[in-house]
Amino acid sequence: MSEDFVSLVGTLEKILYTNPENGFLIGTFITENSIRPITVKGIVFNTHEHETLRLKGSWENHKTYGRQFSIREFMPVEPTSEEGIIRYLSSEVFKGIGKITAERIVKKFGKDTFKIIDSSPKLLSKVKGVGRKQQKSLLDAWDAQRGLRDVMTFLRGVGISHAYAQRIFVKNGLNSIPLIKANPYQLTDIPGIGFLTADGIARNLGFDNNSPHRADAGLLYMLEQQALNGHTCFPRRDLLEKTVQELNIDSSMLESSIRQLLEDRLLNSDKIEDASGNEQELVSRPRFYKAERRVAENIFRILNSEAYTVYEGESYLIEEQELKVGLKLDPAQREAVEAALQHKVLIITGGPGTGKTTIVRFILGLMRTRIPAIALAAPTGRAAKRITETTGAAASTIHRLLEASNIGFKRDRENPLEQELLILDETSMIDTLLMDSLLEAVPSASRLILVGDVDQLPSVGAGAVLSDLIESGLIPVVRLDHIFRQAADSFITVNAHKVRRGEMPDFSSSNRQTEDDNQLLDFYFIKESNPEKIVEKILLMSTERIPQRFELDPMMDIQVLTPMHRGVTGAINLNRKLQDVINPDAKGLEHLEQWFRIGDKVMQQQNDYEKLVFNGDLGRIVNCDPKTKELHVKFDQQIVHYQGKEIDQLSLAYAITVHKSQGSEYSAVIVPLTTHHYMMLQRNLLYTAITRGKQLVVLIGTDAAIKKAVENEGSTRRFTGLLHQLSELGAAPLF
C-alpha cells in the first residue's frame with residue numbers, strides 16, 4: 001500500500017449505484033470522526049446500507065462530482081458505538097430485525113451485544129420481540145459476516161491480494177477456505193491467477209512438488225505456455241519432458257496425471273504421422289481442439305455449398321474489366337481472377353510488389369456488379385485502414401465485422417454475416433481462435449477469398465492457419481511471384497524477396513549513399529556489434545538523420561522494430577530511451593515502472609471487447625491525470641479511457657517487436673539485429689521486418705546476425721492440429 005493510501009472506518013449510509021456483476025458501488029459514507037457524509041466508489045461486494053466497513057483507498061478530485069474516496073480494499077467490521085450497533089443490526093444484513101428490535105437488543109446488552117451473540121446467543125430470547133425466527137435469522141447473518149471476515153483474513157494470510165480475494169469469495173463464498181486447502185490449484189480458474197501464483201500458495205499450505213493436484217495443474221500450465229509460443233497442440237512426450245525439467249515433478253506422477261486429464265476430457269489427443277513418417281501423439285486443450293475441428297468443418301461446409309451467384313464460362317468479364325481500368329493482367333494475376341470466379345474459397349499469396357492489392361481492387365470492381373454485398377476485412381485496425389486507402393473500398397477489422405462486444409461476437413452460426421463475398425487481407429495474422437469465430441459466421445452460399453503473405457511470421461496467437469490451409473491441398477491457391485517494374489526498383493522489395501529465398505540482402509545501396517548524396521535510397525545496412533552503440537545510433541537516426549534527410553516525423557513516420565522485448569536493444573529499453581528524446585517533458589504518470597506521457601505513442605496489448613480496442617492497435621495519449629491514474633488514448637476512430645489496472649493493457653510503442661508489427665506499414669523502419677537476438681533470428685522474422693517499411697528500411701547490426709536469420713528457416717514450425725482435422729474430414733482435393 002503506497003503512502004497515498006489512507007484507511008477509513010465508518011458506516012455505509014446510502015448506496016447510490018451498484019453493479020451486481022462486478023461489485024462496483026457508489027455510495028455515501030459516514031466516518032467515525034465525522035457526521036458529514038463523503039462519496040465513496042469502488043469494488044465492494046456483499047454489502048448493505050448501514051453496514052460498518054473499514055476502507056482503504058485514496059482521495060480523488062472528480063471534474064464533475066468533486067472530492068471522492070476511491071476504494072481499493074474493504075473489510076466488514078463490528079461497530080463500536082451503541083448507535084452504530086443499532087444501525088448495523090437494523091440494516092439489510094439482518095433481515096427481520098427492524099430498528100425497534102435492534103434498539104431493544106442494544107438497550108439490554110449495550111456495547112457487549114456482539115459478545116452475547118457470539119458466546120451466549122440463547123440470551124437473545126429474553127429480549128422482547130426476538131422470537132425463534134428472528135433469533136435464527138440474526139445468528140445466520142452473523143455467521144455469514146464472520147465467515148466473510150474469516151475467509152478474507154485466510155486468503156490474505158496465504159499471500160492472495162485483496163483484489164483476487166474478492167474474486168475468490170464471490171465465486172466460492174464461505175467454501176473458499178476448505179476448497180483452497182484441499183486444492184489451491186483450483187484458483188487458476190479465477191481470471192488473473194495463474195499456475196505460478198497458485199503454486200506459491202500451495203507451498204505456503206504445505207503441498208509438495210509431486211502432489212497429484214500440482215501435476216495436473218502443471219501439465220495444463222505447460223501446455224498453455226506452448227500456446228503462447230504459437231502451438232495449438234504439443235507432442236505428448238515433449239510436454240512430459242519439459243514439465244519434468246521446469247517444474248521438477250516426477251515423470252511417473254505426470255504419466256498418471258496426463259492419463260487422467262485425457263479421461264476427464266481436460267485434454268484432447270490425436271495420433272498423427274510427422275514429416276519423417278513416424279507416429280506421434282499430440283495433446284491439446286479442448287478450446288483449441290474444438291476450434292480447429294470447427295475451422296475444418298466450416299471450410300468443407302463452404303466448399304461443398306453452391307454459391308449464391310455462379311459464374312460459368314464468363315471470362316469475357318475479365319477482358320471487359322481490363323479495358324475498364326486500363327490494366328493488362330499477367331498470367332498469375334489472371335489465374336487468380338479466374339479462380340475467384342470459379343471457386344467458393346480461394347487463397348492468394350505473394351510477397352511485396354507482386355500485386356496482391358491490385359488483384360483485390362480488380363476482383364472488387366469485377367464482382368461488385370453482380371455481388372453488391374461485399375465485406376473487406378483485416379485482423380488489425382492499421383491493416384484495415386491501409387487496405388481501404390489502397391483499394392478505395394471500405395474495410396473493417398474482423399472484430400468489427402463480427403460485431404464484437406464484451407460478451408463475445410454477435411455474428412455467429414445463428415446470426416451469420418449478410419455479405420455474399422468476403423475478402424480477408426493479411427490472413428497470415430489470423431490465429432486459430434479468431435478464424436474459428438469468423439468461419440462460424442460465414443454463410444454457406446458465400447464466397448471467401450483469403451489474401452496474405454505466407455512467408456511472413458505466423459499469427460501472434462496460436463495456430464498457423466494460412467500455411468495449414470495451403471498445405472492441405474483442399475483449397476485452390478494462387479501464388480503471385482512476379483515483381484513488377486516499379487517495385488523492382490526498390491531495394492526494400494528486392495531484398496525482401498532475396499531473404500524469402502534464403503539469400504543474403506544486397507547491401508550495395510549502403511555503399512552507394514556517398515556516390516550521390518542527393519539520391520535518397522530506401523535500404524541501408526549499418527554495421528555495429530556493440531549493443532550500447534546500436535542504441536545511440538537508433539536515437540540519432542530517429543530524431544535527426546532520418547527526419548532531416550527524408551522529411552519524416554520521428555513520432556508518426558518512424559518505427560523501431562526489434563526481435564525481442566528485453567535486453568539493451570529490446571523494446572522495453574529502447575522505448576525508455578526514445579521517449580526521453582522524442583517526448584521528454586510532457587505531463588505523465590508512472591505505472592509498473594513505466595512512464596506514460598501526453599503525446600506518447602502506445603500500443604494495446606490485449607483484446608478488450610468492452611472498450612472495442614484490440615491487440616496491436618496503435619494510439620496516442622491525449623490526456624493524463626496523475627492523481628486519479630487515468631489516461632485517455634486516441635485510436636483511429638475513438639478516444640478510450642483507461643484507469644488503474646486497465647493501464648496494464650498499454651505499452652509504449654516507439655519501439656515494438658517485429659511480431660507486433662504484422663499487418664502494419666511504416667514510412668521508415670529501423671531494425672537492430674545482433675547475435676544477442678540469437679533465439680529469435682529467423683528468416684520469416686527478418687522478412688517480416690523488411691516488408692514493414694514503405695520508404696526506408698535501416699538494419700543495424702552484424703553480418704553474422706543477418707546471415708543466421710537468413711539461413712534459419714525451419715525453427716519456426718508450429719505444432720497444430722488443423723491439417724489433421726482437414727485430412728480426417730476429406731483426404732481428396734475438391735478441385
Side-chain angles (χ1 to χ4, degrees), residues 154-155 157-161 164-165 167-168 171-172 175-274 276 278-293 432 462-463 679 717-721 724:
F154 168 78
L155 294 176
V158 296
I160 297 173
S161 72
Y164 287 128
R167 296 182 191 178
I168 293 165
K171 181 176 181 183
N172 299 312
N175 292 323
S176 298
I177 295 176
L179 285 172
I180 292 170
K181 284 183 174 179
N183 179 10
Y185 296 98
Q186 293 179 80
L187 292 174
T188 56
D189 292 337
I190 304 292
I193 298 182
F195 170 81
L196 297 178
T197 300
D199 201 35
I201 294 166
R203 291 180 186 280
N204 290 340
L205 293 173
F207 283 73
D208 66 28
N209 274 2
N210 292 313
S211 155
H213 295 310
R214 185 171 190 264
D216 291 350
L219 283 166
L220 296 177
Y221 164 71
M222 291 299 293
L223 199 52
E224 291 294 345
Q225 293 301 108
Q226 297 312 314
L228 295 177
N229 293 329
H231 306 293
T232 60
C233 53
F234 207 66
R236 174 173 175 157
R237 182 180 60 190
D238 294 348
L239 177 66
L240 291 169
E241 288 177 359
K242 281 181 172 290
T243 309
V244 169
Q245 293 168 3
E246 296 191 25
L247 300 183
N248 192 26
I249 302 174
D250 184 76
S251 59
S252 61
M253 175 59 71
L254 291 174
E255 287 283 3
S256 175
S257 278
I258 203 166
R259 286 194 297 270
Q260 190 61 51
L261 290 169
L262 287 166
E263 187 177 318
D264 294 341
R265 298 186 178 181
L266 294 173
L267 291 179
N268 293 96
S269 169
D270 268 322
K271 292 183 178 179
I272 66 170
E273 284 190 3
D274 61 19
S276 305
N278 301 316
E279 187 179 78
Q280 66 175 339
E281 183 179 1
L282 297 176
V283 293
S284 58
R285 294 304 305 267
R287 74 180 186 282
F288 288 119
Y289 183 86
K290 292 174 182 176
E292 289 183 323
R293 185 73 179 177
T432 297
M679 295 297 293
R717 177 66 183 174
R718 291 181 169 185
F719 290 105
T720 67
H724 177 67

Nearest 0.5 Å, what's the [atom1]-[atom2] distance between [X] and [Y]?
X: Leu223; Y: Leu228; atom1: CG; atom2: CG; value: 10.5 Å
X: Leu196; Y: Thr188; atom1: CG; atom2: OG1; value: 11.0 Å
X: Ser257; Y: Asp264; atom1: OG; atom2: CG; value: 10.5 Å
X: Arg259; Y: Ser269; atom1: CZ; atom2: OG; value: 13.0 Å
X: Met222; Y: Asp238; atom1: CE; atom2: CG; value: 11.0 Å
X: Leu239; Y: Glu281; atom1: CG; atom2: CD; value: 10.5 Å

Test item: side-chain donor near acceptor, Ser284 and Asn268, under 3.5 Å: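 No, Asn268 and Ser284 have no side-chain donor paired with an acceptor closer than 3.5 Å.
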Step-by-step side chain to side chain contact (heavy atoms under 4.5 Å, CB included) determination, Lys271 to His724: CA-CA 9 Å; Lys271 292 183 178 179; His724 177 67; over 6 Å; no
Lys181 NZ: over 12 foreign heavy atoms closer than 6.0 Å: no
So which heavy atom on [X] is nearest to which on [Y], and how close?
X: Phe719; Y: Cys233; answer: CB-O, 3.1 Å
X: Ala227; Y: Phe288; answer: CB-CE1, 3.7 Å
X: Ile249; Y: Val244; answer: O-CG2, 3.5 Å
X: Pro184; Y: Ile201; answer: CB-CG2, 4.2 Å

Candidate pair Leu240 and Leu219, rule side chain to side chain contact (heavy atoms under 4.5 Å, CB included), full reasoning: CA-CA 8 Å; Leu240 291 169; Leu219 283 166; 4.0 Å; yes
Contact list for residues 218-234, test side-chain hydrogen bond (donor to acceptor under 3.5 Å, both in side chains), sequence neighbours left out: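 Applying side-chain hydrogen bond (donor to acceptor under 3.5 Å, both in side chains) to every pair that reaches into residues 218-234, excluding sequence neighbours, yields Glu224-Arg285, Glu224-Arg287, Thr232-Glu292.
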Is the backbone N or O of [Y] less than 3.5 Å from a side-chain atom of [X], with the two atoms forming a donor-acceptor pair by type?
X: Thr432; Y: Ala462; result: yes
X: Asp250; Y: Asn210; result: no
X: Arg214; Y: Leu247; result: yes

Plane angle bin for His213 and Phe207 - parallel if under 30°, tilted between 30 and 60°, otherwise perpendicular: tilted
Taking the side chain as C-beta and beyond, is there a heavy-atom pair between [X] and [Y] under 4.5 Å?
X: Leu261; Y: Val283; answer: no
X: Leu267; Y: Ile258; answer: yes
X: Leu220; Y: Tyr185; answer: no

Chi angles and distances behind the side chain to side chain contact (heavy atoms under 4.5 Å, CB included) call for Leu187, Ile180: CA-CA 7 Å; Leu187 292 174; Ile180 292 170; 3.8 Å; yes
Residue pair Asp270, Tyr289: steps toward the side chain to side chain contact (heavy atoms under 4.5 Å, CB included) verdict: CA-CA 10 Å; Asp270 268 322; Tyr289 183 86; 3.1 Å; yes
